[in-house]
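Letters A, B, ... mirror the listed sequences (proteins, then strands); counts begin at 1.
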Protein chains: 2
Amino acid sequence: MKYSINHKSPIPLHVQAEELLRKLISEEEYQNGKVLPNEVELAKMLAISRSTLRQAINKLVFEGLLIRKKRSGTKVNNSTISSKSNNWLSFSQEMQLRGIAIKNFELHVTWVYPDEQLANFFEIKPDRKILKMERVRGQADGPFVYFISYFHPRIGLTGDEDFKRPLYELLEQDYFTIASLSKEEISAMTADKLIAEKLNIDVAAPVLFRKRFVFDQGERPIEYNLGYYKAESFVYTVESRR
Amino acid sequence: MKYSINHKSPIPLHVQAEELLRKLISEEEYQNGKVLPNEVELAKMLAISRSTLRQAINKLVFEGLLIRKKRSGTKVNNSTISSKSNNWLSFSQEMQLRGIAIKNFELHVTWVYPDEQLANFFEIKPDRKILKMERVRGQADGPFVYFISYFHPRIGLTGDEDFKRPLYELLEQDYFTIASLSKEEISAMTADKLIAEKLNIDVAAPVLFRKRFVFDQGERPIEYNLGYYKAESFVYTVESRR
DNA sequence: AATGCTTATTTGTCCATACATAATAAATTA
DNA sequence: TAATTTATTATGTATGGACAAATAAGCATT
């Protein structure tokens, strides 16, 4: 076993086990489709009880990262890159969770004047400059998403922040701005020249377009985000119950 | 206690407990904001062990229906669920709400053998025929969505029903099948020949693809639905709060 | 070759118990 | 009165054990 669990650590064993499994999955050990050792075995290997191990596995099963099947075992399922509507994680955190290594292809920060729609959404005057961030991200084999984000000046971002940190963490910890409501619109469209270039696809190829309006606790606008996802490499998932 | 748990039932106790809690929450007993009795108490009231009860509570916490807090207890948080309820309208109802008049272009019902994936999802043998419904709908100026639906034979649909009625109403009233959980996957793709024909668009034009798995109250599969939406004429919206 | 039966393996369910930890309330002290 | 300490009470963590249920795979039968 490459990693092990520290029984003296203050971090709960089941949390350690969960993280350990995530590591094993994202690294070479247990790729997509592989089955984990059986629970009794694995518990012995990690030197924790089966109940504790199940606690860890349960979380990953809930997330859909693992699939249990009686008699055949528990297998890894991180094939499709997906985004759950309900969890409030940043892109990188989410990908990390799914065991996918993210590569940053471009990161660009500028100050621009808002267009009418944007000025409207932010409720600011059109002569007030706002921070625009563009980034292209993907996996080792190429980019699969092109993001454009605009941030409300109220937040106080300077543009010199370390944008390699998870964004919502940065906003929360350094700027006391908590994103707590998001409205999204998802549609399909064709790639124009710019998008095709950024995503390294043909012009007129299909793209999943995700528009996102983010608000803080007082329902004040804080971010306007556009995401262009390469088709077939991104699936948006929603679960709803009545 | 209004309801109780049947220890002789083949239904696992934690599942019964989960359903019981759901009932109590949805009815007047424990409305939004109220705290449940503490775990030790509640376990005693339901005559199950605390671990088993926790199993039930965990699921609801994961869903966001309950929020745990040390020392203060576990409280109900079903404020956000209601906002999602509009996801649970039928297509025609939803369009009506937006003031869009819907025209039906095609409606087709056949019996087919399931492919492997479908047989798997429905948990049936591949030689069991299932009901397949295809329909093309849109506005006066042309079609904008091509649906393919498969229904589980358990429901008892004959294929002679009046499918112009709202579907979920039909299932509920005539077949006592209540759709209560849906998992959706949304992605972008290009139109193949069939889809292009149905939607009256060019081959390779972009399409929003929405795959939908629908389950009843016992989380048994009841419908598998594929929807191909003409790009630019359909936007999927999601609102989420944390 | 197809069918049915048996067995072994793996997850699923359930319990009782013990102690840890965090947050609040109550009591104590400055 | 205000600050500090202590106790209380809820969830959180962790274990070990027992048996149930499902099913893949091998075996036997037709």
Side-chain angles (χ1 to χ4, degrees), chain A residues 4-21 30 33-77, chain B residues 4-21 30 33-62 64-77 116 119-120 122-127 218-221:
Chain A
S4 68
I5 281 182
N6 178 7
H7 282 252
K8 285 173 190 161
S9 159
I11 299 166
L13 301 185
H14 71 90
V15 174
Q16 287 188 55
E18 189 193 327
E19 282 171 4
L20 196 151
L21 289 172
Y30 295 103
K34 278 207 177 154
V35 294
L36 299 183
N38 76 63
E39 294 179 351
V40 181
E41 273 288 304
L42 194 53
K44 210 176 284 174
M45 285 162 74
L46 303 181
I48 57 177
S49 75
R50 187 181 159 214
S51 328
T52 303
L53 173 61
R54 271 181 76 82
Q55 231 180 116
I57 294 180
N58 274 335
K59 271 201 83 176
L60 303 180
V61 168
F62 271 133
E63 276 172 27
L65 185 56
L66 293 179
I67 295 174
R68 279 204 242 251
K69 224 177 157 187
K70 273 188 191 170
R71 175 64 221 250
S72 13
T74 302
K75 75 166 198 257
V76 177
N77 172 48
Chain B
S4 68
I5 282 182
N6 177 8
H7 282 254
K8 284 172 190 161
S9 159
I11 299 166
L13 302 185
H14 70 90
V15 175
Q16 287 188 53
E18 188 193 328
E19 282 171 6
L20 195 152
L21 289 172
Y30 295 103
K34 280 207 175 151
V35 294
L36 300 182
N38 77 62
E39 295 178 351
V40 180
E41 272 291 302
L42 194 53
K44 210 177 282 174
M45 285 163 76
L46 302 181
I48 56 176
S49 74
R50 187 180 160 215
S51 338
T52 304
L53 174 62
R54 270 180 78 83
Q55 234 178 112
I57 294 180
N58 275 336
K59 269 200 86 174
L60 302 180
V61 167
F62 202 85
L65 186 55
L66 293 178
I67 294 173
R68 278 204 240 253
K69 225 176 156 188
K70 271 190 191 167
R71 173 67 219 251
S72 11
T74 303
K75 74 164 197 255
V76 177
N77 171 49
E116 201 189 313
N120 227 342
F122 277 161
E123 293 164 4
I124 57 171
K125 285 182 188 156
D127 60 350
E219 305 223 350
R220 296 182 306 177

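For A:Ser51, the side chain to side chain donor-acceptor pair (under 3.5 Å) criterion is met by no residue, not counting sequence neighbours. Applying the side chain to side chain donor-acceptor pair (under 3.5 Å) test to B:Arg68 and every residue at least two apart in sequence or in another chain returns B:Glu39, B:Asn58. Residues forming a side chain to side chain donor-acceptor pair (under 3.5 Å) with A:Gln16 (at least two apart in sequence, or on another chain): none.
Contact check for B:Leu66 versus B:Lys75: no side-chain heavy atoms found under the 4.5 Å cut-off. Using a 4.5 Å cut-off on side-chain heavy atoms (C-beta onward), B:Leu53 and B:Leu46 make contact. For the pair A:Val35 and A:Thr74, the minimum side-chain heavy-atom distance is 4.5 Å or more.
The two atoms that bring A:Thr52 and A:Ile48 nearest to each other are CG2-CD1, 4.2 Å, heavy atoms only. Scanning both residues, B:Glu18 and B:Ala56, for their nearest heavy atoms gives N-CB, 3.7 Å. In plain terms, the two heavy atoms of B:Leu42 and B:Leu36 that are nearest each other are CD2-CD1, 4.5 Å.
Atom-to-atom distance recorded for A:Lys44:NZ and A:Ser49:OG is 13.0 Å, nearest 0.5 angstrom.
Less than 4.0 Å separates DNA chain C from at least one heavy atom of each of the following residues of residues 48-57 of chain A: A:Arg50, A:Arg54.
Heavy-atom distances to DNA chain D give each of B:Thr74 and A:Lys69 a nearest nucleotide, and the one nearer the 5′ end belongs to B:Thr74. Comparing A:Leu13 and A:Lys70 by the nucleotide of DNA chain D that holds the closest heavy atom to each, the one mapping nearer the 5' end is A:Leu13.
Chain A approaches DNA chain C over the interval C:dA8 to C:dT13, counting the first and last nucleotide 5' to 3' with an atom under 4.0 Å from its heavy atoms. Taking a heavy-atom distance under 4.0 Å as the criterion, the stretch of DNA chain D touched by chain B extends 5' to 3' from D:dT8 to D:dT13.
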